[in-house]
There are 2 protein chains.
Amino acid sequence: MRGEPRRGRYDSDLMTPDEESLVWTRPAPARRLPQTRESIVAAAVRLADAEGLAAVTVRRLAEELDARPMSIYSYARVESKDELLDLMIDEVCGDMLVEDLPEDWRPALRAIAERTRAALLAHPWWIELIGRNVLLGPHGTRYREQSLAAVRTLDADEPARQAAIVTVQTFVVGQIAFALDEQGAAAAGGRHPEAAIRQYHRQLLATGDFPLLAGAGPAEPTTADDRDRYFAQGLEWLLAGISSAQSPGGRPVQ
Amino acid sequence: MRGEPRRGRYDSDLMTPDEESLVWTRPAPARRLPQTRESIVAAAVRLADAEGLAAVTVRRLAEELDARPMSIYSYARVESKDELLDLMIDEVCGDMLVEDLPEDWRPALRAIAERTRAALLAHPWWIELIGRNVLLGPHGTRYREQSLAAVRTLDADEPARQAAIVTVQTFVVGQIAFALDEQGAAAAGGRHPEAAIRQYHRQLLATGDFPLLAGAGPAEPTTADDRDRYFAQGLEWLLAGISSAQSPGGRPVQ
DNA sequence: ACCTGAACACCGTTCAAGT
DNA sequence: ACCTGAACACCGTTCAAGT
């Protein structure tokens with residue numbers, strides 16, 4: 001399959017006269033198909049998912065794709081690593097889109113919140129990139145359109161509808177941010193040894209300055225289950241609050 | 001005032017025979033008082049506030065304090081730059097503490113939310129550091145105690161009280177995150193030229209795939225006023241929702 | 001024109017040498 | 001013991017040279 005009849009000793013420009021090994025004993029001709037932008041962005045996202053944003057360096061990415069560092073720029077046709085990050089951001093925005101958005105604002109907002117949460121949990125590094133106009137790209141734009149569609153049936157004035165969108169987005173991002181914070185860099189290499197944290201915590205409580213924390217017992221780390229519950233609970237509170245903005249129910253709370 | 005009688009030509013070990021300038025024409029003897037941990041952390045926070053987290057490098061910080069890079073580690077008694085960031089994080093947590101926390105859960109949570117928001121707007125880089133156990137330090141611990149104190153009067157079961165805390169924290173962080181995102185790196189150097197964004201946006205809308213965005217008119221950038229309103233509105237919705245968790249009013253929404 | 005090796009100006013941190 | 005200069009192994013990116 002792999003082995004083709006060898007035609008001559010030096011007919012390949014990959015072979016030099018002093019090269020003694022037989023062609024088929026060496027790895028495939030390194031036919032580096034030039035990577036596409038998509039394949040590079042996908043590789044970068046995979047890398048970030050697996051090892052965190054810090055692992056995404058131009059050199060490392062090149063290694064991953066069996067290319068030279070500077071080729072990343074050429075192949076993906078980006079002018080800087082920043083632009084590559086922009087592409088990664090928008091890729092994840094694509095994961096935040098809900099397939100069949102319900103008509104009603106309440107299930108629609110709930111669906112968006114849950115879909116967004118799932119995407120962010122799958123790509124936690126996305127949060128770290130906030131502050132870079134994360135909803136600017138094509139998928140991000142579609143996401144904004146989706147949010148507008150979700151609140152169409154919310155019977156409130158335009159500012160209230162906009163506030164509802166922002167509030168829900170905001171809530172999701174905040175939830176994930178704190179969830180990631182609590183599990184800490186624990187996943188990302190365990191910056192602080194668990195034992196050290198516990199001992200320090202005991203030491204602080206021993207001062208007597210934190211009666212309520214002390215009363216709460218030995219700070220159990222929040223479980224994934226807890227976080228699911230907090231998310232569901234908070235979201236329902238939010239939706240309940242927003243529904244009070246409905247015109248029939250009265251003026252927006254203020 | 002500055003000039004003191006010159007006592008001799010070489011009596012200072014800062015002066016060498018070939019040094020021709022007069023003592024008082026040169027800057028003060030560079031009496032580098034060894035910096036304290038506090039002064040170093042304060043300088044780092046100032047630097048981050050003024051030029052962003054990226055500007056906080058060991059070398060730059062040393063320059064700022066007229067010290068050698070490696071002295072930062074000695075003076076602040078930190079083992080890595082990561083630990084310095086931990087100190088910076090906790091410093092900001094100190095700014096999130098409310099002086100006189102109201103008794104009632106509702107004004108208490110509102111006060112915490114507003115105080116937290118003010119601190120985060122003053123130190124926007126804090127958000128980027130989430131994921132590092134931001135509430136682990138002494139001030140962070142006090143902040144957690146404060147949150148527990150705030151919900152004491154909330155007549156709901158423990159999980160609901162915890163959810164209320166998480167939800168409010170979460171909301172604030174999310175709000176700031178999106179606010180920073182919208183103003184983008186605009187402040188931080190303007191990654192994307194305003195004109196380019198507008199043109200790209202027009203181009204996307206021209207596809208007809210975004211009827212609601214198109215109908216909303218030329219995407220006005222959100223003003224600080226808008227953000228204040230969204231924050232206030234969202235917070236009230238949230239508090240209204242939480243109040244539905246009060247035992248007399250019925251079981252927590254679900 | 002497209003691709004890329006070498007080099008540049010950074011970074012955090014190690015380490016051995018200073019005092 | 002405390003402090004620090006030089007060096008190391010990185011980083012993103014420039015640039016000139018290759019094809």
Side-chain angles (χ1 to χ4, degrees), chain A residues 10-16 29-37 39-41 43-44 47-48 51-89 125 128-129 132 185 188-192, chain B residues 12-14 16 29-37 39-41 43-44 47-48 51-89 125 128-129 132 185 188-189 191-192:
Chain A
Y10 308 128
D11 57 353
S12 157
D13 55 358
L14 289 174
M15 250 204 262
T16 53
R31 276 239 55 69
R32 56 182 95 276
L33 353 160
Q35 301 283 337
T36 65
R37 167 178 292 185
S39 70
I40 289 176
V41 171
L47 193 52
E51 304 182 32
L53 207 49
V56 182
T57 70
V58 175
R59 283 169 169 86
R60 174 68 192 281
L61 198 52
E63 196 179 310
E64 215 72 29
L65 295 170
D66 189 29
R68 255 53 68 238
M70 293 315 294
S71 305
I72 298 296
Y73 294 94
S74 318
Y75 290 153
R77 222 130 308 188
V78 292
E79 292 196 330
S80 65
K81 188 191 171 185
D82 256 16
E83 288 191 350
L84 181 66
L85 292 175
D86 285 337
L87 293 173
M88 293 170 66
I89 288 168
W125 47 267
E128 293 177 52
L129 295 176
R132 291 170 172 258
R191 275 190 340 120
H192 300 293
Chain B
S12 158
D13 55 358
L14 290 173
T16 53
R31 274 238 57 68
R32 56 183 95 278
L33 352 159
Q35 301 284 336
T36 65
R37 168 178 291 187
S39 70
I40 289 176
V41 172
L47 193 52
E51 305 183 30
L53 207 48
V56 182
T57 70
V58 175
R59 285 170 168 85
R60 174 66 193 279
L61 198 50
E63 194 179 310
E64 216 70 28
L65 295 169
D66 190 28
R68 253 53 69 235
M70 294 314 294
S71 306
I72 298 296
Y73 293 93
S74 318
Y75 291 152
R77 222 131 308 188
V78 292
E79 292 196 331
S80 64
K81 188 192 169 183
D82 257 15
E83 288 191 351
L84 180 66
L85 292 176
D86 285 338
L87 293 174
M88 293 169 66
I89 288 167
W125 47 267
E128 293 177 52
L129 295 176
R132 292 171 171 255
R191 279 191 336 121
H192 301 294

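Chain naming here is simple, since letters A, B, ... match the order of the sequence lines and numbering starts at 1 in each.
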Which whole-number value in Å describes the distance from [X] [atom1] to [N] [atom2]?
X: B:Ile40; N: D:dC3; atom1: CD1; atom2: P; answer: 10 Å
X: B:Leu53; N: C:dC11; atom1: CG; atom2: P; answer: 14 Å
X: B:Gln35; N: D:dC2; atom1: CD; atom2: P; answer: 18 Å
X: B:Ile72; N: D:dG5; atom1: CD1; atom2: P; answer: 13 Å
X: B:Glu79; N: C:dG12; atom1: CD; atom2: P; answer: 17 Å
X: B:Arg60; N: D:dC11; atom1: CZ; atom2: P; answer: 24 Å
X: B:Asp82; N: C:dC11; atom1: CG; atom2: P; answer: 17 Å
X: A:Leu61; N: D:dT13; atom1: CG; atom2: P; answer: 13 Å

Inset, instruction - Give a yes or no answer on whether the side chain of A:Arg37 reaches the backbone of A:Arg77 with a donor-acceptor pair at less than 3.5 Å. - result: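 Answer holds: yes.
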[options]: which one has an atom nearest the side-chain heavy atoms of [X]?
X: A:Met70; options: C:dG12, D:dT14, C:dA7; value: D:dT14
X: A:Arg59; options: C:dT13, D:dT13, D:dG5; value: D:dT13
X: B:Ser80; options: D:dG5, D:dG12, C:dT13; value: C:dT13
X: A:Tyr75; options: C:dC3, C:dT13, D:dT13; value: C:dC3
X: B:Tyr73; options: C:dT13, C:dG5, D:dC11; value: C:dT13
X: A:Thr57; options: C:dT13, D:dC11, D:dC3; value: D:dC11

Legend entry - Charged N-O contact under 4.0 Å between B:Glu63 and B:Arg59: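 So B:Glu63 does not pair with B:Arg59 through a salt bridge.
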Legend entry - Sugar-phosphate, base or nothing in reach of A:Ser74, heavy atoms under 4.0 Å: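 Base contact.
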Legend entry - Heavy-atom check, side chain of B:Ile40 versus side chain of B:Leu87, under 4.5 Å: no
Legend entry - Residue-phosphate contact under 4.0 Å: B:Arg68 side-chain N/O, D:dC3 OP1/OP2: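 So the side-chain polar atoms of B:Arg68 never come under 4.0 Å of the phosphate oxygens OP1 or OP2 of D:dC3.
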Inset, instruction - Check step by step if side chain to side chain contact (heavy atoms under 4.5 Å, CB included) holds for A:Leu61 and A:Val58. - result: CA-CA 5 Å; A:Leu61 198 52; A:Val58 175; 5.8 Å; no
Legend entry - Partner nucleotide, any strand, of D:dG5 [Watson-Crick/G-U, under 3.5 Å]: C:dC15
Inset, instruction - Give the intermediate values and the outcome of side chain to side chain contact (heavy atoms under 4.5 Å, CB included) for residues A:Lys81 and A:Ile72. - result: CA-CA 9 Å; A:Lys81 188 191 171 185; A:Ile72 298 296; over 6 Å; no
